[in-house]
2 protein chains.
Amino acid sequence: MSIHNNAHSSSLDRSSLERLAAVFRAFGDATRLALLQELKSGARSVNELQTALGTSQANISRQLKVLHEAGLLSRERRGAQVFYAISEPLVMDICEAACRKLNREAVLAPAPRMAFAS
Amino acid sequence: MSIHNNAHSSSLDRSSLERLAAVFRAFGDATRLALLQELKSGARSVNELQTALGTSQANISRQLKVLHEAGLLSRERRGAQVFYAISEPLVMDICEAACRKLNREAVLAPAPRMAFAS
DNA sequence: TACTTATATAAGTAGTTACGTATATGTCAA
DNA sequence: TTGACATATACGTAACTACTTATATAAGTA
């Protein structure tokens, strides 16, 4: 946008780095990644996600809130239920890129290959 | 590797999700992102990074350790100095993808555009 | 209205994290 | 060896995080 911080700039100021770090922190928990994985195939209600993950409803709801506030999930109420969905494909692209990073390490130190997208 | 967890699988088990989350947490701090940004243009010594970031030597050293243990940085001793470098281009690709995510949000809620790579 | 189901939030707790200050370790040179 | 410089670690602290249990809010139905 400005001369000092646009798409061609190579340096982000502290507050941009803080916002970027906040996005990464939203990804930085296994329970939240499990939620994203469940949502990969489409929108789910809180109840469906709770059944799939097997943890408490309160915890599911809170972690969904974290993901939603980070802009990773959309939220839609349908009657008494609330459906969450991945807000845009780019969210899964980020997961995929991180998976590739881990899989490359596994070349020398073999470990199970992992992928978010098929 | 196995039938239940390979490159075509769409479901990661808990321990894989934990490892993935750990990678994201390594990215999830503004100081560490600032270090990565400095290293984008090549290897730097701890001292150079300290001067560039302006925070304490102890903190720089500790955050570099976090990044190194997460597999994001390589480490090489040259005499009394230690040089850190980004371990592979994919590391910056992950940052770039997260930047794109933030920039898309900015379309509706304008904010400075940000990018790691030029 | 009351009752049920679905989701969100509050309060408490144990564990983690980022940082400052101080100290230890490592490398080189005299 | 001693001293100077470079880097790493130990310790303490304040803030944050993930979770559990309990409760509150919201929507639908009788």
Side-chain angles (χ1 to χ4, degrees), chain A residues 14-39 42-85, chain B residues 14-39 42-85:
Chain A
R14 190 73 188 186
S15 84
S16 294
L17 292 175
E18 290 286 359
R19 291 197 302 136
L20 193 54
V23 170
F24 281 122
R25 281 196 298 273
F27 284 105
D29 175 76
T31 297
R32 288 194 290 272
L33 292 179
L35 287 169
L36 290 174
Q37 189 166 242
E38 279 300 317
L39 293 170
R44 295 277 187 282
S45 70
V46 177
N47 202 14
E48 288 170 329
L49 291 167
Q50 183 189 354
T51 304
L53 293 216
T55 175
S56 74
Q57 183 272 320
N59 195 32
I60 295 287
S61 188
R62 223 168 334 87
Q63 301 311 331
L64 286 169
K65 184 181 186 181
V66 171
L67 290 167
H68 181 246
E69 288 182 342
L72 307 185
L73 296 186
S74 62
R75 199 189 105 108
E76 186 192 350
R77 170 146 241 149
R78 295 184 208 164
Q81 292 176 299
V82 175
F83 284 75
Y84 286 88
Chain B
R14 190 75 188 185
S15 84
S16 295
L17 292 175
E18 289 287 358
R19 290 198 301 136
L20 193 53
V23 169
F24 281 121
R25 280 196 299 273
F27 284 105
D29 176 76
T31 298
R32 288 193 292 271
L33 291 179
L35 287 169
L36 290 174
Q37 189 166 244
E38 279 301 316
L39 294 170
R44 295 278 186 282
S45 70
V46 177
N47 203 14
E48 289 170 328
L49 291 167
Q50 182 189 355
T51 303
L53 294 214
T55 175
S56 73
Q57 183 270 321
N59 196 31
I60 295 286
S61 188
R62 235 175 313 100
Q63 303 310 331
L64 287 169
K65 185 182 185 182
V66 171
L67 291 167
H68 181 247
E69 288 181 343
L72 307 185
L73 297 185
S74 63
R75 199 189 106 108
E76 186 191 350
R77 170 145 242 150
R78 294 184 207 163
Q81 292 176 298
V82 175
F83 285 75
Y84 287 87

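Residue numbering restarts at 1 for every chain, and letters A, B, ... go by the order of the sequence lines. Small disclaimer: the values here were computed from a predicted structure and weren't measured. The figures here come from the full heavy-atom set of this structure, side chains too, leaving out hydrogens, waters and symmetry mates.
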Exercise. Mark yes or no for whether B:Gln81, through its side chain, and B:Arg78, through its backbone, hold a donor-acceptor pair below 3.5 Å.
Key: no

Quiz item: Taking A:Arg19 for the side chain and A:Ala21 for the main chain, is one N or O donor matched with an acceptor at less than 3.5 Å?
Solution: no

Quiz item: Between residues 72-84 of chain A and DNA chain D, which residues have a heavy-atom gap below 4.0 Å?
Solution: A:Arg77, A:Gly79, A:Ala80

Within this structure, what is the [atom1]-to-[atom2] distance between [X] and [N], rounded to whole angstrom?
X       : N      : atom1 : atom2 : value
B:Gln50 : D:dC5  : CD    : P     : 14 Å
A:Leu64 : D:dA18 : CG    : C1'   : 14 Å
B:Gln57 : D:dA10 : CD    : C1'   : 14 Å
B:Asn47 : C:dG26 : CG    : C1'   : 15 Å
B:Leu49 : D:dA8  : CG    : P     : 10 Å
A:Arg44 : C:dA6  : CZ    : C1'   : 17 Å
A:Leu53 : D:dT20 : CG    : P     : 12 Å
B:Ile60 : D:dT9  : CD1   : C1'   : 16 Å

Expected rows: protein N/O vs nucleotides 15-21 of chain C N/O, under 3.5 Å:
unit_1 : atom_1 : unit_2  : atom_2 : d
C:dA18 : OP1    : B:Arg32 : NH1    : 3.4
C:dA18 : OP1    : B:Arg32 : NH2    : 2.8
C:dA18 : OP2    : B:Arg32 : NH1    : 3.1
C:dC19 : OP1    : B:Thr31 : OG1    : 3.0
C:dC19 : OP2    : B:Asn59 : OD1    : 3.2
C:dC19 : OP2    : B:Asn59 : ND2    : 3.1
C:dC19 : OP2    : B:Gln63 : NE2    : 3.3
C:dC19 : O5'    : B:Asn59 : ND2    : 3.3
C:dG20 : OP2    : B:Ser56 : OG     : 3.1
C:dG20 : N7     : B:Arg62 : NH2    : 3.4
C:dG20 : O6     : B:Arg62 : NH2    : 3.2

Say you draw a straight line from [atom1] of [X] to [atom2] of [Y]; how long is it, rounded to the nearest 0.5 Å?
X       : Y       : atom1 : atom2 : answer
B:Asn59 : B:Leu49 : CG    : CG    : 12.0 Å
B:Arg44 : B:Leu73 : CZ    : CG    : 12.5 Å
B:Thr51 : B:Gln57 : OG1   : CD    : 11.0 Å
A:Leu35 : A:Leu72 : CG    : CG    : 11.5 Å

Quiz prompt | For the student: nearest non-hydrogen atoms of B:Thr55 and B:Gln50, plus distance | solution = O-CG, 3.3 Å

Quiz item: If every non-hydrogen atom of A:Tyr84 is compared with every non-hydrogen atom of A:Leu39, which pair is closest and at what distance?
Solution: O-CD2, 3.3 Å

Contacts table for residues 26-33 of chain A: side-chain donor-acceptor under 3.5 angstrom, sequence neighbours left out:
unit_1  : atom_1 : unit_2  : atom_2 : d
A:Asp29 : OD2    : A:Thr31 : N      : 3.1
A:Asp29 : OD2    : A:Arg32 : N      : 3.2
A:Thr31 : OG1    : B:Arg14 : NH2    : 2.8
A:Arg32 : NE     : A:Ala26 : O      : 2.8
A:Arg32 : NH1    : A:Gln63 : OE1    : 2.6
A:Arg32 : NH2    : A:Arg25 : O      : 3.1

Quiz item: Under 4.0 Å between a side-chain N or O of B:Lys65 and OP1 or OP2 of D:dA8?
Solution: no

Practice problem: Could you please name the partner base of D:dA14, counting Watson-Crick and G-U wobble pairs only when both distances are under 3.5 Å? | Solution: C:dT17

